Number of protein chains: 2
Amino acid sequence: MTAQKDPMSYRDIKSVVLDRLRAGIWGPDSLLPSESDLATEFSSTRTTVNRALRELAEEGFLERKRKAGTRVLTAPARRAQFAIPLVREEVGETGADYRYALVSRQIETAPAWLAARLSLPAGQDVVALTCMHYADNAPFQLEQRWIVPTAVPEVLDEPFDTLGPNEWLLKRVPFSNLEFSVMASKADEKLAEFLDAPVGDPIFTAERITWLEGTPITLARMYFAPGYRMTTRL
Amino acid sequence: MTAQKDPMSYRDIKSVVLDRLRAGIWGPDSLLPSESDLATEFSSTRTTVNRALRELAEEGFLERKRKAGTRVLTAPARRAQFAIPLVREEVGETGADYRYALVSRQIETAPAWLAARLSLPAGQDVVALTCMHYADNAPFQLEQRWIVPTAVPEVLDEPFDTLGPNEWLLKRVPFSNLEFSVMASKADEKLAEFLDAPVGDPIFTAERITWLEGTPITLARMYFAPGYRMTTRL
DNA sequence: TAGTGGTCTAGACCACCCG
DNA sequence: GGGTGGTCTAGACCACTAT
């Protein structure tokens, strides 16, 4: 019935397998045929079947173990994937005009919480920035950022008056490791003023810590204007 | 200098390429050698190089086009990947005891915003649930959920008094499409009471809409207790 | 139109790990 | 011990698209 004569691509195989999962032909926790068997059924090769199953496993549907075989996950371990775009691009995609503004820039001793968070030595100086990002001149995001000058010495000479720190840093340390978190925080007076929101309003917040080869570079907190949400479809 | 004699695995190649990106040997916006050339340099085959570069592109470092070649992205389009776990597992991983409780269950006409959101016909009945998830008996998450009975008729007979709707649904429609959003919302009196938070506190909120083959199944809003954050490392 | 990546084949060796 | 997936090879054809 479901036999296929012509060779199938790994995409075809993925979609057939997904269909069978949805239809319950291969129910939760059951074992799929081996790659070789599937290759035969699909008039394909093991390499092709392997790619299909590997991707389905990466996407959270299957679990694969040598010798044990390929098993259907009972609770598909779905993953939400969100892009971490540049603010400029994020604003640009909505068709709005992007504008950047520096609010403040100073050199200060790293506050204790920051030093602890980034494993900085006590008394370490950092460059502290506050910036605003606007979409069509409406507040879009307030950015608070601390940069460690021992990691990026040029930061001491950079005024950040026309280029945001994120884009500036990307030019110097484009391929870093990072930790990215999202949370909800509360608008204090400063946030309320800059984001044009009532004091006490919930503010969607992202925090990003960047390292290069184990050396902490920067911590950024991004506070979004009311109504912002991060969405993904899968 | 950097010549390799023994054949390298696709992992080795990935890490060498990443090193060169970090070192700026292949700077932003520059063109990498073709797959065949790299295969020669690495004493490997094009298939293996292809897998390495393909994965690096998926991870957001490179951009690949036929004929145009492989280009280094100026601003690496990093992606944050968050797991969407079952509450039970999320709580369990912290070592805490998980407990589920049904707060309310009723059948009601879909409110207008929900009907619009899920493209339901006017006057459609839905099952409306409110549930609590506890970690070591402390509030962890309040879940508000609406299920469309025309899509899952058995829902009308399910009391949901011992098993949460998410796990219940997973057994029936495990392989669905979904839209997942996160945002910040504000604790009203009900939320404050159940999550043991002050009224007006910012509440990290996730919303999940599920379809099966284009048919809307359910919408869920998950309100997390204060202090919750979603984190990922890359 | 020529060069690049996208994909498939047919075969091989190996690491892992269940029974 | 033996079967499974993980990976690599060497070669091929094709689709796309920059020039």
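Each chain gets a letter, A, B and so on, in the order its sequence line appears, and its residues count up from 1. It should be emphasised that the depicted structure is a prediction, and the values quoted were computed from it without experimental measurement.
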| Under the 3.5 angstrom rule, does the side chain of B/Y100 hit a backbone N or O of B/F160 as a donor-acceptor pair? | yes

| said: Return the CD to OH distance between A/E143 and A/Y223, rounded to the nearest 0.5 Å. | reply: 11.0 Å

| message | Is A/T48 close enough to C/dT9 that one of its side-chain N or O atoms is under 4.0 Å from OP1 or OP2 there? | response | yes

| said: In whole Å, I'd like the distance from the CG atom of B/L38 to the C1' atom of C/dG5. | reply: 12 Å

| Interatomic distance where CE belongs to A/M8 and C1' belongs to C/dT9 [whole Å] | 16 Å

| query | Given D/dG5, D/dT9, C/dT9, which nucleotide is nearest the side-chain atoms of B/S44? | reply | D/dT9

| Nearest-angstrom distance from the residue atom NZ of A/K67 to C1' of C/dC14 | 16 Å

| A/T47 side-chain N/O to C/dG11 phosphate OP1/OP2 under 4.0 Å | no

| note | Walking DNA chain D from its 5' end, the first of A/L32 and B/K65 to be reached, judged by nearest nucleotide, is A/L32

| Looking across every strand, which nucleic acid part, if any, lies under 4.0 Å from B/S36 by heavy atom: base, sugar-phosphate, or nothing? | nothing

| How do B/G69 and A/R11 order along DNA chain C: which one's closest nucleotide is nearer the 5' end? | B/G69

| said: Any base atoms under 4.0 Å from A/S9, or only sugar-phosphate, or nothing? Heavy atoms, all strands. | reply: sugar-phosphate

| query | Is B/K171 salt-bridged to B/E154, going by a charged N under 4.0 Å from an acidic O? | reply | no

| Using 30° and 60° as the class limits, which term best fits the ring planes of B/W146 and B/W113: parallel, tilted or perpendicular? | perpendicular

| said: Please tell me if A/Y10 has a side-chain N or O lying less than 4.0 Å from either OP1 or OP2 of C/dT7. | reply: yes

| note | note: B/L53, atom CG; C/dT7, atom P; distance rounded to Å ~ 14 Å

| message | Base, sugar-phosphate or nothing for A/R54? Non-hydrogen atoms, less than 4.0 Å. | response | nothing

| note | Rounded to whole Å, the CD-P distance (B/E55 to C/dG5) equals 17 Å

| request: Anything under 30° is parallel, anything over 60° is perpendicular, the rest tilted; go ahead and classify A/F204 against A/Y228. | output: tilted

| Rounded interatomic separation in angstrom, taking CG from B/D12 and P from D/dT9 | 11 Å

| task | May I ask you to evaluate whether B/T70 reaches the phosphate of C/dG5, defined as a side-chain N or O under 4.0 Å from OP1 or OP2? | result | yes

| Separation of C/dT9 C1' from A/E35 CD (nearest whole Å) | 15 Å

| task | Report the relative orientation of the aromatic rings in B/F224 and B/F140; use parallel for angles under 30°, tilted for 30 to 60°, perpendicular for over 60°. | result | perpendicular

| message | If you compare every side-chain N and O of B/N50 against the phosphate oxygens of C/dG6 (OP1, OP2), does one of them come in below 4.0 Å? | response | yes

| Checking all strands, does A/R71 fall into the base, sugar-phosphate, or nothing category for heavy-atom contacts under 4.0 angstrom? | nothing

| Is there a donor and acceptor pair, one atom on the side chain of A/R66 and one on the base of D/dT7, closer than 3.5 Å? | no

| Within the modelled atom types, does a donor on one side and an acceptor on the other bring the side chain of B/R51 and the base of C/dT7 under 3.5 Å apart? | no

| request: Send over the distance from B/E63 CD to D/dT17 C1', rounded to a whole Å. | output: 13 Å

